[in-house]
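Have a look at the structure below before the remarks.
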2 protein chains.
Amino acid sequence: MDKTATTPQALRRTNLRAVLEVMRDAGAMTGTDLIEATGLTRATVIAVCDDLIRRGWVRELEGDRSTGSQKGRPARRFEFNASAGCVLGLDVGMATVTVLVAGLTGQMLGRAAERFSKTADEAERRATIARTAERALAEASLPHSAVLAVGIGLSTAVDRHGNITKGLQLSEHFDIGLQTELWKEHGWPVLLENDANLAALGEHWRGVGAGVDDLAVMLAGERLGTGLIESGRLLHGSNGGAGEVGTLELVDGVGSQDGIARLARHWGTAALAEGKATLIRELVGPDTTRVSARFVFEAAAKNDPVAQEILERIGRRMARVISLLGTFLNPELVVIGGAVSASATALLPTINAELPRLTGTPPRVAVSELGDAIVATGAVRLALAYVEENALALTPAGAGQGVGA
Amino acid sequence: MDKTATTPQALRRTNLRAVLEVMRDAGAMTGTDLIEATGLTRATVIAVCDDLIRRGWVRELEGDRSTGSQKGRPARRFEFNASAGCVLGLDVGMATVTVLVAGLTGQMLGRAAERFSKTADEAERRATIARTAERALAEASLPHSAVLAVGIGLSTAVDRHGNITKGLQLSEHFDIGLQTELWKEHGWPVLLENDANLAALGEHWRGVGAGVDDLAVMLAGERLGTGLIESGRLLHGSNGGAGEVGTLELVDGVGSQDGIARLARHWGTAALAEGKATLIRELVGPDTTRVSARFVFEAAAKNDPVAQEILERIGRRMARVISLLGTFLNPELVVIGGAVSASATALLPTINAELPRLTGTPPRVAVSELGDAIVATGAVRLALAYVEENALALTPAGAGQGVGA
DNA sequence: AGTTTAAATTTAGACACTAAATCAAATAGC
DNA sequence: GCTATTTGATTTAGTGTCTAAATTTAAACT
């Protein structure tokens, strides 16, 4: 029943979409601008704009003749109504939940984060998530009705239809009825996606990967996951397992799913246990079991040879994975992101030195600048994509009343 | 200048495409069938069909009331005109060229193959290719004017726009003006693609991978290349290097770009040189330098332990690469194809035994049944995709006269 | 005030669709 | 052989959307 054939009304729908799309990423425009951009005639453009205004997706600006020609009849100026609604982007991790609120052009309007209680059961985790979302919405002064979609990133495999893949990895921690239970009273569309995939979306949207359509993002904090974008599209594989390097055989004496943070802690702890003379010991203090990645990176920055050796091992390890990505996917760029991404810059020399030896198509390597909002940013992007896809079927909640700047 | 907006005529174009597409993969249909399939009204369907007949893409069948109801006014029966033209699918390898001729529903109409002279220069290679294509067309009794598109598979990296990637591997052997020089007098659209990618298209179209939308095909003859399909789409990567495992680091004492055939020969020769007692020696005959893959597989089939050990090594090696594919791409199925694919069945037990140890998402593994037409079959598919995409812009050359069954 | 300029609107016409009535060609029953 | 029935094709009237061209509008300039 998937009819591809069309009626005359479909024509208008197509043109509504075309105009809306142009206006979304071009800001305020006159009718003439839109004629130029879409190839439609003036009569049509105006009709479509009036239609969009009526639907609430576009608003008309008053006065203001600052740009363009000063002569002739002043042009009506149309603008995508960025406050016709908002979306939520969530990063639901093992220990914490982060929520971003964004307007329809992606302007960030609110933010909140919270830790899960260690003993939390399903219902309690859901409650924590809901509470954090409420706080973020409150910060943005937005009503529930403004939310048009919710994107959620999870540390588990999710297939391309947004379904959690049972049996793969940590799904039981995340398969907690986020779609069916959490916001059923609001009826918000909830879109699930793997966290590394969202990190890739985030970087592709507003990170160092902006404009790069063949991209891999390694989400390397405690764990290590990879999000893959080819030709601007996210790759999932048949079970959403694409890029899930957790089971990679790397024969290094540590689990292959370990991210940068865990590796640094692991090897740092080992170095202390072996009694090596290193700055790490002083930085950590008396309780030598409390090594964290931060101390190792700090010691390395102060030229501590033991810490630097650890960083080199981590770098070689990353280079190994990146080289495989380069060989199989041939991305233009690989971005290292995640909690410790700020420190990851120290790994670049090692990685860049190793790569050409390991693959014939070495990608550029960069470090993310999105910090710990990388997944939530991608979640926002995912939700926005849904809204863009379904705009004409949705009703802008804030139509007419305006929902914040 | 990529206008997405539309005019009333675009509506008709959309419906022409929709109807044509339905008819292409459903065979002969009545107006009522098309109403059912497209959701359009009878008046529109008939108008569209008459339009398509006028353009030469569809023909009307006479008489024949075998199917459907016997009562009432007999329905007009429409059929996609499979002989409105043809396409060529070429496999241009290092040593040989293979050409397939196919009608627009993919029915094979002609075939020819030829070896390149060892001393051939660019112009001579082009001439051999042209001559082979002529022979295939002659076998199908088709005029030059019937050819609507040509797909060509090459053993070198090709990016997603069909451009050979300079500097990567064997490009100099294949960048011989196939698009600019070869058939410029006929004006045939020539589409270039990597051979492993075409193998993947071929398997996805008419091989064991039919219906599997997340698929990897390992083209493993003398060399080893991989074609990747995710969600039904071919992956290229930024330089067309995706799946080009030629530079993979596998630390086995042999080049990683080596395919099954070369590995068998390599290790078979080594076994003889080491003076091992093996059936291979007898099969090869007096000149022990002339080991070929065939002898090794034959000896293994006769339970020769040395040959079987070689097969296991090859199998483990393949499993290694497949496991990496499984980890990074998570395909549902991996198909082994290429010149020696018939023998590859002997490798399956080893591969299937190794895989679960190497990756958490082991794909199904199968052996291609397309034989040495695998690349040319994919080339046909590539050319057909072009014709389907551009059908309404093209003029069916055989319009009215019919160009073979 | 009149002219110029650029934009908006109106008007006429074209194209493509739907829905409903009518026409056409076959079978089935009497 | 005639009529009723069935099914498909065609015609007609009406609607929605677009373009192109003429007209109107609203400002700046002279």
Side-chain angles (χ1 to χ4, degrees), chain A residues 3-20 22-23 28-55 58 60-79 392, chain B residues 3-20 22-23 28-55 58 60-79 392:
Chain A
K3 320 287 193 191
T4 44
T6 35
T7 67
Q9 291 84 329
L11 245 194
R12 169 53 66 93
R13 206 155 46 235
T14 306
N15 287 338
L16 285 170
R17 281 192 66 134
V19 168
L20 194 57
V22 167
M23 285 183 46
M29 300 179 85
T30 66
T32 308
D33 294 337
L34 287 166
I35 291 167
E36 170 69 16
T38 62
L40 297 166
T41 58
R42 171 159 257 115
T44 305
V45 162
I46 298 295
V48 165
C49 284
D50 285 339
D51 207 340
L52 287 169
I53 288 172
R54 206 173 35 69
R55 289 162 182 259
V58 164
E60 189 169 349
L61 301 178
E62 310 296 334
D64 180 22
R65 211 173 176 184
S66 47
T67 57
S69 168
Q70 300 306 104
K71 293 179 285 189
R73 177 173 175 170
R76 293 170 70 185
R77 296 172 67 77
F78 304 99
E79 185 184 55
L392 299 177
Chain B
K3 321 288 194 191
T4 45
T6 36
T7 68
Q9 290 86 326
L11 245 193
R12 171 52 65 93
R13 207 155 43 234
T14 306
N15 287 338
L16 285 170
R17 281 192 65 135
V19 169
L20 193 58
V22 167
M23 286 185 47
M29 300 180 84
T30 67
T32 308
D33 294 337
L34 287 166
I35 290 167
E36 170 68 17
T38 62
L40 297 166
T41 58
R42 171 159 256 115
T44 305
V45 162
I46 298 294
V48 164
C49 283
D50 285 340
D51 206 339
L52 287 170
I53 289 171
R54 208 173 34 70
R55 289 164 182 258
V58 164
E60 190 170 351
L61 301 177
E62 309 297 333
D64 180 22
R65 211 176 176 182
S66 47
T67 58
S69 167
Q70 300 304 106
K71 293 179 286 189
R73 176 173 176 169
R76 293 171 70 185
R77 296 174 66 77
F78 305 99
E79 187 183 54
L392 299 177

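A note on names: the letters A, B, ... follow the listed sequences, proteins ahead of strands, and every chain is numbered from 1.
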Over how many whole Å does the gap from [X] atom [atom1] to [N] atom [atom2] extend?
X	N	atom1	atom2	answer
A/R42	D/dC18	CZ	P	16 Å
A/D33	C/dA8	CG	P	10 Å
B/R12	D/dC18	CZ	P	18 Å
A/L34	C/dA7	CG	C1'	13 Å
B/F78	D/dG8	CZ	P	12 Å
B/E62	C/dA26	CD	P	12 Å
A/L11	C/dA14	CG	P	18 Å
A/M29	C/dA7	CE	P	13 Å

Checklist entry - Hey, which of A/T38, A/N15, A/T14 is the one that makes side chain to side chain donor-acceptor pair (under 3.5 Å) with B/T6? => result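 Looking at A/T38, A/N15, A/T14, the match for B/T6 under the side chain to side chain donor-acceptor pair (under 3.5 Å) is A/N15.
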
The side chain of [X] is closest to which nucleotide in this list: [options]?
X	options	result
A/R73	D/dT25, D/dT17, D/dT19	D/dT25
A/T32	C/dA7, C/dA25, C/dA16	C/dA7
A/A75	C/dA7, C/dT9, C/dC17	C/dA7
B/T44	C/dC23, C/dA16, C/dT18	C/dT18
B/Q9	D/dC18, C/dA26, C/dC15	C/dC15
B/T41	C/dT18, C/dC15, D/dT7	C/dT18
B/P8	D/dT17, C/dC17, D/dA26	D/dT17

Checklist entry - Is any side-chain nitrogen or oxygen of B/N15 closer than 4.0 Å to OP1 or OP2 of C/dC17? => result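 For B/N15, the contact criterion (side-chain N or O under 4.0 Å from OP1 or OP2 of C/dC17) is met.
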
Checklist entry - Is any side-chain N or O of A/R76 closer than 4.0 Å to OP1 or OP2 of C/dT9? => result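 Affirmative; the distance criterion is met.
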
Next on the checklist: Once you apply a heavy-atom cut-off of 4.0 Å, does A/T30 come out as touching a base, just sugar-phosphate, or nothing?
Outcome noted: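 Since no nucleic acid heavy atom lies under 4.0 Å of A/T30, the category is nothing.
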
Checklist entry - Hey, is the main chain of A/T30 close enough, under 3.5 Å, to the side chain of A/D33 for a donor-acceptor pair? => result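 Answer holds: yes.
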
Checklist entry - Does some side-chain heavy atom of B/L34 sit less than 4.5 Å from a side-chain heavy atom of B/L40? => result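 No, every pair of side-chain atoms sits at 4.5 Å or beyond.
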
Item to check | Min side-chain heavy-atom separation A/E36-A/V22 under 4.5 Å | outcome: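 Heavy-atom side-chain distance check fails, nothing below 4.5 Å.
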
Item to check | N-O pairing of B/R55 and B/D51 below 4.0 Å | outcome: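 Yes.
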
